[in-house]
Amino acid sequence: MWMSIPFCLLYLIALVSNALLLILVRAEQNLHEPQFYFLALLALIDLDLSLSTMPSVLAIFCFNVHHIGLDACLTQMFFIHALSSVESGVLVAMAFDRLVAICAPLNYTRILTHYTVACLSGAALPRGATLLAPLPFFLRTFPFCGANILSHSYCYYPDMLNLACGDVTFSSAYGLICTFVVDVVFILASYMKILGTIVKLGTQDRNWKSLHTCACHLCTVLVFYLPLISLAVLHHYTQDTPPIVYTTMSNAYLLMTPLLNPLVYSLKSQQIQAALRKRFWVQRVIAGE
């Protein structure tokens, strides 16, 4: 039961901080820019991701419930991976935003219009749902034999594949390639182009200023992909891993992104800091009156 206290606290912080980001982007006129629209979408996805894992995690730590039905598990697995795929797509859109901002700054407002932002954001959702929809049906075709014990407190696709009997090579490769490999390649290509442009700028001050505009997005990419890749590697390429390693990495994958994304942008983005100061200063003044 005592483990439920930090988990509840972390969930609460994640929900409140991402909800606060959504409110700030909606309320503050100076945040009505493409990069902050993408940030708001990222916060919304993190909210949904937290809510999709909360039932099983809190059921284990608060109520000592260690069982879940197959249909419920497949449903949770679909939402976790579909939302992760959507978030990965949004990170690609944010990389494109930084690419245009640095490589074609004079054409930024012409290229990144509200219509373009809506199209990029709207494409991420059906892409994630469509690509990940076959995964539950793949698992439905396999029998589950032996001890059906999951390594994590939520239903994770590679973890469920390990419990399935039969040849799961195609299912494993599909889940890996269709979700994140293409996105990672595009993000790497974008930053190679960005670095090439920054090197051509010449002066160190301009180089540092250009890199600083990408710092928030780079931190977000690392926060999202490092736990994801580490957890995937553990499942695919290691055997007899201690349970504590699985638990640590799964909780990092579960909580790091919703917790750290708002923190990264609050610490690195001057516009977000100004909006926070303005919002809380106004409330303090009103409360004082």
Side-chain angles (χ1 to χ4, degrees), residues 6-28 30-54 57 79-99 101 117 120-121 124-125 128 154 179-180 183-184 186-187 190-191 211-232 248-277 279-280:
F7 270 95
C8 289
L9 183 61
L10 291 174
Y11 268 117
L12 182 62
I13 294 173
L15 294 174
V16 171
S17 57
N18 283 287
L20 180 60
L21 266 182
L22 284 172
I23 294 171
L24 284 177
V25 173
R26 177 181 175 84
E28 296 297 325
N30 64 331
L31 297 182
H32 291 179
E33 299 177 5
Q35 63 172 326
F36 296 113
Y37 289 143
F38 290 132
L39 175 60
L41 183 58
L42 210 61
L44 181 61
I45 296 168
D46 286 338
L47 278 173
D48 293 334
L49 192 58
S50 297
L51 292 173
S52 67
T53 58
M54 187 184 296
V57 174
F79 279 105
I80 289 173
H81 289 280
L83 289 169
S84 297
S85 179
V86 174
E87 182 159 355
S88 181
V90 174
L91 290 175
V92 171
M94 296 174 78
F96 177 71
D97 170 78
R98 294 298 86 201
L99 178 67
V117 172
L120 290 173
S121 303
L125 180 60
Y154 53 90
T179 50
F180 305 109
D183 292 346
V184 170
F186 186 88
I187 291 174
S190 298
Y191 273 97
L211 283 174
H212 185 74
T213 63
C214 300
C216 294
H217 180 252
L218 279 173
C219 291
T220 303
V221 168
L222 292 175
V223 165
F224 177 76
Y225 282 110
L226 284 181
L228 179 68
I229 294 173
S230 301
L231 194 58
T248 303
M249 293 308 303
S250 66
N251 290 330
Y253 169 62
L254 177 71
L255 293 170
M256 273 184 66
T257 301
L259 278 172
L260 294 183
N261 278 349
L263 180 63
V264 166
Y265 275 88
S266 298
L267 293 177
K268 299 294 293 183
S269 173
Q270 295 181 356
Q271 295 98 316
I272 294 290
Q273 292 176 11
L276 285 170
R277 286 194 298 267
R279 185 62 51 177
F280 285 107

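No experiment lies behind these values; they were computed from the predicted model shown.
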Approximate separation, where rounding is to 0.5 Å, of Phe36 CZ and Asn30 CG: 7.5 Å

Sole residue of Leu125, Thr220, Leu41 in side-chain contact (heavy atoms from CB on, under 4.5 Å) with Val90: Leu41

Spacing of CD belonging to Glu87 relative to CE belonging to Met94, to within rounding of 0.5 Å: 9.5 Å

CZ/Phe79: more than 12 non-hydrogen atoms of other groups inside 6.0 Å: no

His32 side chain to Arg26 backbone, donor-acceptor under 3.5 Å: yes

Any Leu226 side-chain heavy atom under 4.5 Å of Met256 side chain: no

Check: Tyr11/Thr53 side-chain N/O donor and acceptor closer than 3.5 Å: yes

Check: Asn18 side chain, Pro258 main-chain N or O, donor-acceptor pair, under 3.5 Å: yes

Side-chain touch Leu259/Leu10, heavy atoms, less than 4.5 angstrom: yes

Straight-line distance of Leu20 CG to Leu24 CG, nearest 0.5 Å: 4.5 Å

Rounded distance (nearest 0.5 Å) linking atom CE of Met54 with atom CG of Leu12: 8.5 Å

Side-chain donor/acceptor of Ser52 to backbone N/O of Leu49, under 3.5 Å: yes

Contact summary for Ala14 and Ser50, nearest pair of heavy atoms: CB-OG, 4.2 Å

Heavy-atom pair with the smallest gap, counting every atom of Val264 and Cys216: CG1-O, 3.9 Å

Polar side-chain atom of Ser190 near backbone of Phe186 as donor-acceptor pair, under 3.5 Å: yes

Approximate separation, where rounding is to 0.5 Å, of Leu42 CG and Leu22 CG: 10.0 Å

Smallest separation among heavy atoms of Val117 and Pro34, with atom names: CG2-CB, 3.7 Å

Non-hydrogen atoms of Ser88 and Asp183 that approach each other most closely: OG-OD2, 2.6 Å

The single option from Tyr191, Phe224, Tyr265, Phe38 passing ring-ring contact (aromatic ring centres under 6.0 Å, His included) against His217: Tyr191

Pairwise distance CG(Asp97) to CG(Leu91) - rounded to 0.5 angstrom: 12.0 Å

Taking every non-hydrogen atom, the tightest pair across Asn261 and Asp46: ND2-OD2, 3.0 Å

Distance-minimising heavy-atom pair for Leu39 and Ile272: CD2-CD1, 4.1 Å

